[in-house]
**Student:** 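Got a structure for you, questions after.
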Amino acid sequence: MPTPAERQALLFFAAVAALGVGVNAWRAVGGQPVAVGSRSELAAQIARVDSAVASSPSREAKARQRGQGTTKRRTYTLGLPTPPAPPAPPTHPRTSNVERPTSRIDLDRDSALVIESLPRIGPALAVRIVANRDSFGAFGSLDGLQRVRGIGPVMAKILKDLVVFSGVARSDAPSGATKGRKRRAAP
């Protein structure tokens with residue numbers, strides 16, 4: 001048996017459903033026409049949403065300000081003719097056919113997009129490296145880099161010939177040995 005509060009909630013949902021059915025019936029009988037599944041209406045709605053998205057500050061602009069590159073945009077097709085595609089953006093360092101420069105990457109200064117070109121470092125880990133550097137200061141060495149979650153001794157060994165550190169680590173910054181959750185001593 002439902003409680004009085006549950007009965008009240010069920011009554012509310014039933015009333016909302018009844019109002020929705022009544023509005024749709026009114027539109028079908030003589031009010032406004034219902035354009036369910038109309039391709040032109042759907043295309044017009046998508047165009048309105050796209051124009052609203054285009055006029056708002058984009059994630060791409062925010063990502064460029066943070067130095068993280070661009071985000072991918074989803075596209076939807078309705079079987080309608082599509083406008084010509086915009087010119088292709090510059091290729092990402094990881095996917096380009098050109099070899100990356102032989103110079104080492106400075107983890108104390110380079111952006112997340114550049115750091116992402118290192119082996120075994122994806123977008124999420126590159127962002128974590130930059131965020132940790134911004135919060136605690138320069139890494140200074142491979143030991144300092146290990147304070148980032150996801151970088152341990154094996155990853156540091158892989159990266160040691162590919163990276164340099166131009167900054168000096170702060171004395172109060174956490175070290176690689178202290179990352180993660182700290183456990184309380186047993187009583």
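The basis for the numbers below is simple: all heavy atoms, side chains too, and nothing from hydrogens, waters or symmetry mates. Count residues from 1 along the sequence. This structure is a prediction, so every number in the text was calculated from the model and none was measured.
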**Student:** Between atom CD1 of Ile129 and atom OG of Ser111, what is the distance when rounded to the nearest 0.5 Å?
**Tutor:**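 Going from CD1 on Ile129 over to OG on Ser111, the span is 11.5 Å.
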**Student:** State whether the side chain of Arg133 and the backbone N or O of Phe139 hold a donor-acceptor pair below 3.5 Å, judged by distance alone.
**Tutor:**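 Not a single qualifying donor-acceptor pair exists.
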**Student:** Return the minimal non-hydrogen interatomic distance between Gly167 and Ala138, and the atom names on each side.
**Tutor:**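 The pair with the smallest heavy-atom distance is CA-CB, 3.8 Å.
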**Student:** Do Phe165 and Ile151 share a hydrophobic cluster, counting only Ile, Leu, Val, Met, Phe, Trp and Tyr and linking them when any side-chain heavy atoms are less than 4.5 Å apart?
**Tutor:**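 Yes; tracing contacts between hydrophobic side chains, which count when under 4.5 Å, links both residues.
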**Student:** Would you say Leu125 and Val148 make side-chain contact, with heavy atoms under 4.5 Å?
**Tutor:**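 Side chain of Leu125 against side chain of Val148, heavy atoms only: contact under 4.5 Å found.
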**Student:** Can a donor-acceptor pair be found, under 3.5 Å and without considering hydrogens, that links the side chain of Ser135 to the backbone of Asn132?
**Tutor:**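 Side chain of Ser135 to backbone of Asn132: no pair is present.
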**Student:** Between the side chain of Asp106 and the main-chain N/O of Ser166, is any donor-acceptor distance below 3.5 Å?
**Tutor:**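 Side chain of Asp106 to backbone of Ser166: a pair is present.
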**Student:** Do Phe13 and Val16 share a hydrophobic cluster (ILVMFWY, side-chain heavy atoms under 4.5 Å, transitive)?
**Tutor:**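 Same cluster.
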**Student:** Show the nearest heavy-atom pair for residues Ala126 and Ala112, with the distance to one decimal.
**Tutor:**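 In this case the closest contact between Ala126 and Ala112 is CB-O, 3.4 Å.
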**Student:** Donor-acceptor pair, Glu6 side chain versus Thr3 backbone, under 3.5 Å?
**Tutor:**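 Yes; at least one donor-acceptor contact below 3.5 Å.
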**Student:** Let me confirm one number: the CZ-CG distance from Arg104 to Leu159, rounded to the nearest 0.5 Å.
**Tutor:**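 Taking CZ in Arg104 and CG in Leu159, the distance rounds to 11.5 Å.
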**Student:** Going from CZ on Arg120 to CG on Leu118, what distance comes out if it is rounded to the nearest 0.5 angstrom?
**Tutor:**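 Output value for this atom pair is 12.5 Å.
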**Student:** Of the non-hydrogen atoms in Glu116 and Pro123, which two are nearest, and what is the gap between them?
**Tutor:**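 That closest heavy-atom pairing would be OE2-CG, 3.4 Å.
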**Student:** Looking only at heavy atoms, which two atoms of Arg128 and Gly150 are closest? And how far apart?
**Tutor:**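 Smallest heavy-atom distance, with atoms named: NH2-CA, 4.0 Å.
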**Student:** If you group Ile, Leu, Val, Met, Phe, Trp and Tyr by side-chain heavy-atom gaps below 4.5 Å, do Ile121 and Ile158 land in one group?
**Tutor:**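 No; Ile158 is not reachable from Ile121 via cluster members.
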**Student:** If you define the side chain from C-beta out and look only at heavy atoms, does anything of Lys157 sit under 4.5 Å from Leu142?
**Tutor:**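 Sidechains of Leu142 and Lys157: no contact.
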**Student:** A side-chain contact here means heavy atoms from C-beta on lying under 4.5 Å apart; do Val130 and Ile115 qualify?
**Tutor:**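 Yes, their side chains come closer than 4.5 Å.
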